[in-house]
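Right, one structure below, let's go through it.
The first residue of the sequence shown is numbered 1, and numbering continues consecutively from there.
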Amino acid sequence: MKRRRTGRVGTELAFPCARAMRSGAGRRPMLPEDAVLFDGYLPVPTVPWGELPHPPAGTDRLLDGPLDDCPGPRSAEAVARRLRQHFDGRLHLPGAIGYDVGRSAWRRDLDQQPLLVAEVADAADVARAVITAREFDVPVGVQATGHGTIRPTDDGVLLNLSRLAYVDVDPVRATARVGGGARWGDVVAAAARFGLAPISGTSSALGVAGYTLGGGVGWLSRRHGFAADSLLRAEVVTAAGNRLVAGPDDDADLWWALRGGGGNFGVVTELLLRLYPVREVYGGVAYFPGERAGEILACHRDHAAGLPDELTTALTLLRLPDAPGVPEPLRDRTVVAVRVCHTGPAAHGRRALAPLLAVAGPPLFGGYAPMTWPETAGLEDPQPGPQLVREHTDLFRGLSDELIEVLLAEIGGSGTTRSPISVVELRHVGGALGRPLADGGPSGHRDATYALIAVAPHLRAAELAVARGHMAAFARRLRPYATGGVLLNFLSDPSRTMAAYRPADLGRLAALKRIYDPENIFHRNHNIPPGP
């Protein structure tokens with residue numbers, strides 16, 4: 001019988017996982033000889049955003065004492081006491097270092113207040129946490145990186161999967177076995193050693209599981225489809241606490257639902273992903289004067305149908321500040337950023353881009369060249385830190401002259417008429433995304449040509465209401481030209497979740513929700529309620 005060693009820190013319960021300790025994932029770093037202790041505690045460590053610190057053992061002032069001292073049936077202490085009996089990970093309660101780090105979402109207007117943050121060590125921990133939450137009748141939320149958090153897990157158990165970040169590449173089968181807490185940067189780096197690439201997000205900081213379950217559109221998607229189309233198998237903890245393997249031969253209905261149905265059907269603790277042979281691409285980002293924006297958008301529209309699947313482009317209207325971090329040629333200007341990734345020979349990429357670049361003229365900054373697949377992370381601006389932000393997304397089958405005028409008017413303006421919306425991106429979709437698979441999941445609307453994401457970034461709290469009004473007005477102006485559908489991963493408004501699915505798929509998803517989560521335990525997400 002395995003002996004369990006427990007350590008307690010303030011309001012944090014530490015249960016080191018033996019498997020993680022053997023692999024090195026749970027080891028604490030060695031302290032420098034001159035480290036100074038303050039009042040018996042180490043200084044708070046600085047950790048990358050989204051990762052939880054592992055403090056040293058100390059005294060648990062809140063959780064000492066008998067179980068019958070619990071202050072209430074749904075208190076953090078009561079839930080923690082029940083869960084800690086069989087938990088290998090770490091439990092972070094309010095007031096602890098790990099609690100504030102673990103509950104923080106990228107969207108800082110989501111100030112979620114869970115009963116506790118359960119930093120799981122493995123799938124068994126996930127099952128124990130889900131079962132405990134059901135016993136106490138409290139909700140369950142799931143978070144690894146925080147980017148996809150759109151509903152707060154208040155007064156519930158927030159599962160943090162950041163320790164499940166392993167990646168195991170099989171170069172013979174061209175697959176990657178990925179933990180539910182891994183980020184795309186880890187997978188890209190591991191696969192690149194074998195000349196392979198996943199259908200990864202445009203940011204290396206994005207979580208693999210949330211991105212894939214929501215569909216997933218990246219630089220390889222016009223050639224190979226949604227990331228969810230390449231999900232070969234998933235290990236899932238259901239609302240009942242059962243651990244299942246969903247794939248084409250096991251729980252095929254659940255496998256279908258996971259490939260685009262978001263986090264509605266369970267907690268995915270491991271994914272098996274198909275990889276693709278990619279070593280070098282032709283791409284980059286170039287910035288052109290905003291005065292050329294109308295001609296650039298119209299030219300792309302006129303050639304979109306003939307562009308090869310190997311070419312993916314994103315056209316971004318940007319209003320840039322006069323700030324030191326902005327390159328001198330771009331400061332205090334409205335520009336068009338043309339981001340390019342071509343997975344074929346460089347000569348073919350230059351040929352496909354030639355009509356657009358002839359209209360765009362000389363760039364103000366940047367350009368295109370051959371690059372390795374990991375270098376495509378540089379096609380995006382540096383990942384912005386957590387912030388207050390307002391966003392809107394829509395899908396379009398084309399770009400009419402009238403729609404282009406709406407976009408230009410929103411990003412333009414000056415003085416008191418200037419909109420807080422300073423980023424309007426159009427991603428060219430289509431290609432393989434528009435060709436349904438015989439056994440494909442419910443991912444996205446496959447009839448669109450462009451996906452729009454509009455952003456009012458870096459807001460102050462006092463500006464949220466004004467930004468919300470501007471975004472709503474902009475959405476109304478876009479409505480006559482939009483398809484009415486959205487891509488789930490681009491959506492931050494949970495009131496529009498149903499617009500991410502075709503009616504037939506939505507009906508099937510609701511029926512499967514009734515089977516796998518009839519009480520709607522997993523609802524702090526883009527929720528699909530159980531069907532009748």
Side-chain contact, heavy-atom cut-off 4.5 Å: [X] with [Y]?
X	Y	answer
Gln143	Leu158	yes
Trp106	Val389	yes
Ser230	Leu273	no
Leu244	Glu235	no
Met498	Pro529	yes
Val140	Leu159	yes
Phe226	Ile199	no
Leu161	Val142	yes

Start with the C-alpha distance between Arg107 and Ser492, add both sets of side-chain angles, then the distance that settles side-chain contact (heavy atoms from CB on, under 4.5 Å), and finish with yes or no. CA-CA 10 Å; Arg107 294 180 177 86; Ser492 59; 3.5 Å; yes
Give me the atom names and distance for the closest heavy-atom approach of [X] to [Y].
X	Y	value
Thr269	Ala123	OG1-CB, 3.8 Å
Arg524	Pro139	NH2-CG, 3.3 Å
Ala209	Gly180	CB-O, 3.6 Å
Met471	Arg390	CE-O, 3.2 Å
Gly102	Asn160	O-ND2, 3.9 Å
Leu164	Ala121	CD2-O, 3.2 Å

Under a 3.5 Å distance rule, please check whether [X] uses its side chain to pair with a backbone N or O of [Y] as donor and acceptor.
X	Y	answer
Arg233	Leu272	no
Ser75	Ala78	yes
Gln387	His458	yes
Arg496	Thr393	yes
Trp256	Gly247	no
Arg446	Leu433	yes

What distance separates [X] [atom1] from [Y] [atom2], expressed to the nearest 0.5 Å?
X	Y	atom1	atom2	answer
Gln112	Thr149	CD	OG1	5.5 Å
Glu270	Arg177	CD	CZ	4.5 Å
Leu388	Arg460	CG	CZ	10.5 Å
Ser203	His147	OG	NE2	5.5 Å
Thr238	Leu254	OG1	CG	8.5 Å
Leu83	Leu91	CG	CG	5.0 Å

Derivation and outcome, salt bridge (charged side-chain N to carboxylate O under 4.0 Å, His left out), residues Arg103 and Asp100: CA-CA 5 Å; Arg103 72 183 180 87; Asp100 284 331; 3.0 Å; yes
Hey, mind stepping through Leu487 and Val217 against side-chain contact (heavy atoms from CB on, under 4.5 Å) and telling me if it holds? CA-CA 9 Å; Leu487 296 179; Val217 175; 3.9 Å; yes
Show your reasoning for whether side-chain contact (heavy atoms from CB on, under 4.5 Å) applies to Thr312 and Ser221. CA-CA 8 Å; Thr312 298; Ser221 289; over 6 Å; no
Pair up each side-chain donor or acceptor in residues 506-513 with any protein partner under 3.5 Å, not counting sequence neighbours, and list the distances.
from   : atom 1 : to     : atom 2 : distance (Å)
Arg508 : NH2    : Asp253 : OD1    : 3.1
Lys513 : NZ     : Asn264 : O      : 2.7
Lys513 : NZ     : Asp517 : OD2    : 2.8
Lys513 : NZ     : Asn520 : OD1    : 3.1
Lys513 : NZ     : Phe522 : O      : 3.0

Quick one: which residue pairs count as a side chain to side chain donor-acceptor pair (under 3.5 Å) with a foot in residues 206-220, not counting sequence neighbours? none
Arg502 CZ: over 12 foreign heavy atoms closer than 6.0 Å: yes
Cut-off 3.5 Å, side chains only: do [X] and [Y] have a donor facing an acceptor?
X	Y	value
His392	Asp394	yes
Tyr516	Asp251	yes
Thr343	Arg223	yes

Arg82 and Glu135: salt bridge (charged side-chain N to carboxylate O under 4.0 Å, His left out), yes or no, with the steps? CA-CA 10 Å; Arg82 177 64 58 84; Glu135 289 177 352; 2.9 Å; yes
Chi angles and distances behind the side-chain contact (heavy atoms from CB on, under 4.5 Å) call for Val138, Leu115: CA-CA 9 Å; Val138 298; Leu115 289 175; 3.9 Å; yes
Do any side-chain atoms of residues 436-445 form donor-acceptor pairs under 3.5 angstrom with protein atoms, and if so which ones, sequence neighbours left out?
from   : atom 1 : to     : atom 2 : distance (Å)
Ser443 : OG     : Arg259 : O      : 2.8
His445 : NE2    : Ala499 : O      : 2.7

I'd like to know whether Asp125 forms a salt bridge (charged side-chain N to carboxylate O under 4.0 Å, His left out) with Arg128, so could you lay out the CA-CA distance, the side-chain angles of the two residues, the decisive distance to 0.1 Å, and finally the verdict. CA-CA 5 Å; Asp125 272 357; Arg128 292 161 187 148; 3.1 Å; yes
